[in-house]
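Take a look at the structure set out below.
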Amino acid sequence: MFRKILIANRGEIACRVIDSARRMGVATVAVYSDADLGARHVAMADEAVLIGGPAPKDSYLRGDAIIAAALATGAEAIHPGYGFLSENPEFVDAVEAAGLVFIGPSGRAIRAMGLKDAAKALMTEAGVPVVPGYHGENQDPEHLAGAAEAVGYPVLIKAVAGGGGKGMRKVDRAQDFAAALASAQGEAQTAFGNPAVLIEKYVEKPRHIEVQVFGDGTHAVHLFERDCSLQRRHQKVIEEAPAPGMTAEMRQAMGQAAVRAAEAINYKGAGTIEFIVDASEGLRPDRFWFMEMNTRLQVEHPVTEAITGVDLVEWQLRVAAGEALPARQEDLAIRGHAFEARLYAEDVPAGFLPATGTLAHLRFATGARIETGVRPGDTISPWYDPMIAKVVVHGPTRAVALASLARALEQTEVAGTTTNLAFLGALARHRGFAAGDVDTGLIGRDLDALVHEAEAPLAARALAALAAAGLESGQGTGFALWGALRRSIAFDPPAYLRVEGSGRVAVEIEGAEHICELRTDGWWVDGAKTGARFHLGGDEITVFLHGAHRFARPDPLARASQGPASDLTLAPMPGLVKAVFVQPGQQVAEGDRLAILEAMKMEHTMLAARAGTVAEVLVSEGSQVEAGAALIRLAEEEEAA
Ligand code: ADP
Ligand code: ADP
Ligand code: MG
């Protein structure tokens, strides 16, 4: 076994590889860009080498710098993770020319599968079913239109060099073909520097089912299938293993085809054969076709690990170090069911736009396997994939595993950036998905319902109002000073608070009063234990209660000049009371100066929110106050009259 390896990647996959290497007693070297100096993968590795600037082309795509780092640190092998250089045959050749081991397939095998058209020709030869279509060299638009006609509409135009759903167009009618072709070719040229396309029959009610294979360069085994049909814009969202509705007959046919595919190219290491399946009449052994091979470890490999008990990274290291295949086909079996959900910093309602931000609060569920490259306080930068974590669950049956997934997502707490957590939660509770009735169109069809943000439960709203007043810890000057006053707080919708005792607050929202009580096990609302937790960000309050509910935090500086009902003037931040200008009984007009608070080296003047009579001055000059402390109370309107 290797003594030391270098991981040519970042984020969760770098951390994942380090985990297995460490368990095997193999030392690890991380590489990082300027943007990743404080990243988790750097902290986890035994050594780390800076390889350049934040843009991938200046660092994680610099094969020369990575090979130099391996040689300088005495690493014997390089694990590429996925993405970046993992499917780059020139990099593999360069690694080997430097006398190092590439933990993955040969450059030859990657080349054989690199272009979708050549791969399909090779697979046809090996007796693996491929989607009917035209995979030839003639790129003349007339010829391609003729091929589409022969295949029969609808068809799919695909970039031969494609990946990540780019350069792909579905065409339903002959009259739309020319325009779709031009746009697919343009996109392919921009993304891959290669405008060539192929034409495929568009499979109706398609399911994406892929088979994990593992080879030693001569023989290969398969580790069963994964279903990745839950996709948006051809990108996977939730994956599972095994595939719902899979029959023994179809599993055997797909597994054998995948092994034939891998052996046809003398595949070494972990790889995936992706198939498209026509599920319009259930799963049938004559209705799956080869789509492409991913010659690397796949993002969703943990679901396969969960059902087989195999550590695929360990297998990668062992086979790369020259060991034989760690298991025979008959040693491998499926146990239970597993799901993986990809948690991203992204704005789902805005069309799944990638988001950035600092993870001010981050807490993962217990009882799930979490693969992550970030820690609380880390930043999701615009430079890289905005994945926060993969949440992986396993259970004895699909129903149990799916319930675990829903629960794990509910228990996941992220604040500081927009995430797809609510969307994932909605998917995990989707009825069709629960019934195993999946196809690649499911998300698109039900997008509105899945993206709809349900209104936060009343308990979460009541607790957010209480947190907006700084009462969430059950302590503070508010409890001591507010007595039995009913006070309004700037909150949307407006809320009224009345402190009823230590750790007991009545919150009125939309005319209904909710009793919030802090007990030893957290906040109870209207006699029900909530288990709620809070995160207070600069301008946002997040209440975690069956999911994350975000509320705009009333601007504390605006509080002093809030609506007419406001009786209390509160300290917007911790500070020193520099001056008090009023006394009890004094009449004030709206906007009159009441006091000056010095905080963060700046003076803030507290103004009267309305005209009235000062009922109480609750602080004296020179006193230090907490944020939210009541400074001045005006007499209630009736009282003053
Ligand atoms: P798959 O599920 O087939 O592995 P993904 O949807 O995970 O594909 O990723 C699409 C493409 O983006 C793949 O080519 C993958 O290698 C790449 N990719 C995904 N995540 C990352 C990442 N964090 N860094 C770099 N490349 C990535
Ligand atoms: P990429 O290299 O971009 O991952 P793939 O060929 O793997 O491209 O296809 C990506 C996705 O597009 C599949 O998972 C599937 O959802 C859809 N797709 C691909 N081929 C077909 C087809 N012939 N019919 C219907 N959908 C398809
Ligand atoms: Mg693919």
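Remember, it's a predicted structure, so these values are computed and weren't measured experimentally. Read the numbers this way: they start at 1 and go in the same order the structure lists the ligands and their atoms.
- When the heavy-atom distances from atom 9 (O) of ligand 2 to E210, M168, H208, K205 are ranked, the shortest goes to M168.
- Ion pairing between a basic and an acidic side chain is recognised when a charged N comes within 4.0 Å of a carboxylate O; D176 and R169 show no such pairing.
- Considering E305, E300, E371, E12 in turn, E12 is the only one that fulfils the salt bridge (Lys or Arg N to Asp or Glu O under 4.0 Å) rule with K390.
- Both the sub-6.0 Å distance and the 45° axial angle are not jointly satisfied by R296 relative to the ring of F102.
- Using a non-hydrogen distance threshold of 4.0 Å, K170 does not register as a contact of ligand 2.
- Contact check for M113 versus Y267: no side-chain heavy atoms found under the 4.5 Å cut-off.
- Using a 4.0 angstrom heavy-atom cutoff, K236 does not count as in contact with ligand 2.
- Between Y202 and ligand 2, no N or O atom pair is found at a separation short of 3.5 Å.
- Here is the list of ligand 2 atoms found below 4.0 Å of a heavy atom in E292: 1 (P), 2 (O), 4 (O), 5 (P), 7 (O), 8 (O).
- For ligand 2, the atoms lying closer than 4.0 Å to a non-hydrogen atom of K116 are 1 (P), 2 (O), 5 (P), 6 (O), 8 (O).
- With 3.5 Å as the limit, one finds a donor-acceptor pair spanning the side chains of E210 and Q298.
- Listed by atom number, the atoms of ligand 2 under 4.0 Å from G162 heavy atoms are 2 (O).
- Proximity of V203 to ligand 2, defined as any heavy-atom pair under 4.0 Å, is shared by backbone and side chain alike.
- Close contacts of ligand 2 with K201, meaning ligand atoms under 4.0 Å from a residue heavy atom, involve 22 (C), 23 (N), 24 (N).
- No side-chain heavy atom of Y32 sits under 4.5 Å from any side-chain heavy atom of R10.
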task: For salt bridge (charged side-chain N to carboxylate O under 4.0 Å, His left out), just list the numbers for R318 and D311, CA-CA rounded to whole Å, side-chain angles, deciding distance to a tenth of an Å, and then say yes or no.
output: CA-CA 11 Å; R318 287 171 60 182; D311 177 337; over 6 Å; no
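- Between E200 and ligand 2, a contact under 3.5 Å exists for at least one N or O pair.
- Distances from atom 21 (C) of ligand 2 to the heavy atoms of D278, V130, L156, I209 put L156 nearest.
- Listed by number with element, the atoms of ligand 2 under 4.0 Å from a non-hydrogen atom of E274 are 7 (O).
- At distances below 3.5 Å, at least one donor-acceptor pair connects side-chain atoms of N420 with backbone N or O atoms of Y344.
- Residue-ligand proximity, T440 to ligand 2, at heavy-atom distances under 4.0 Å covers atoms 16 (O).
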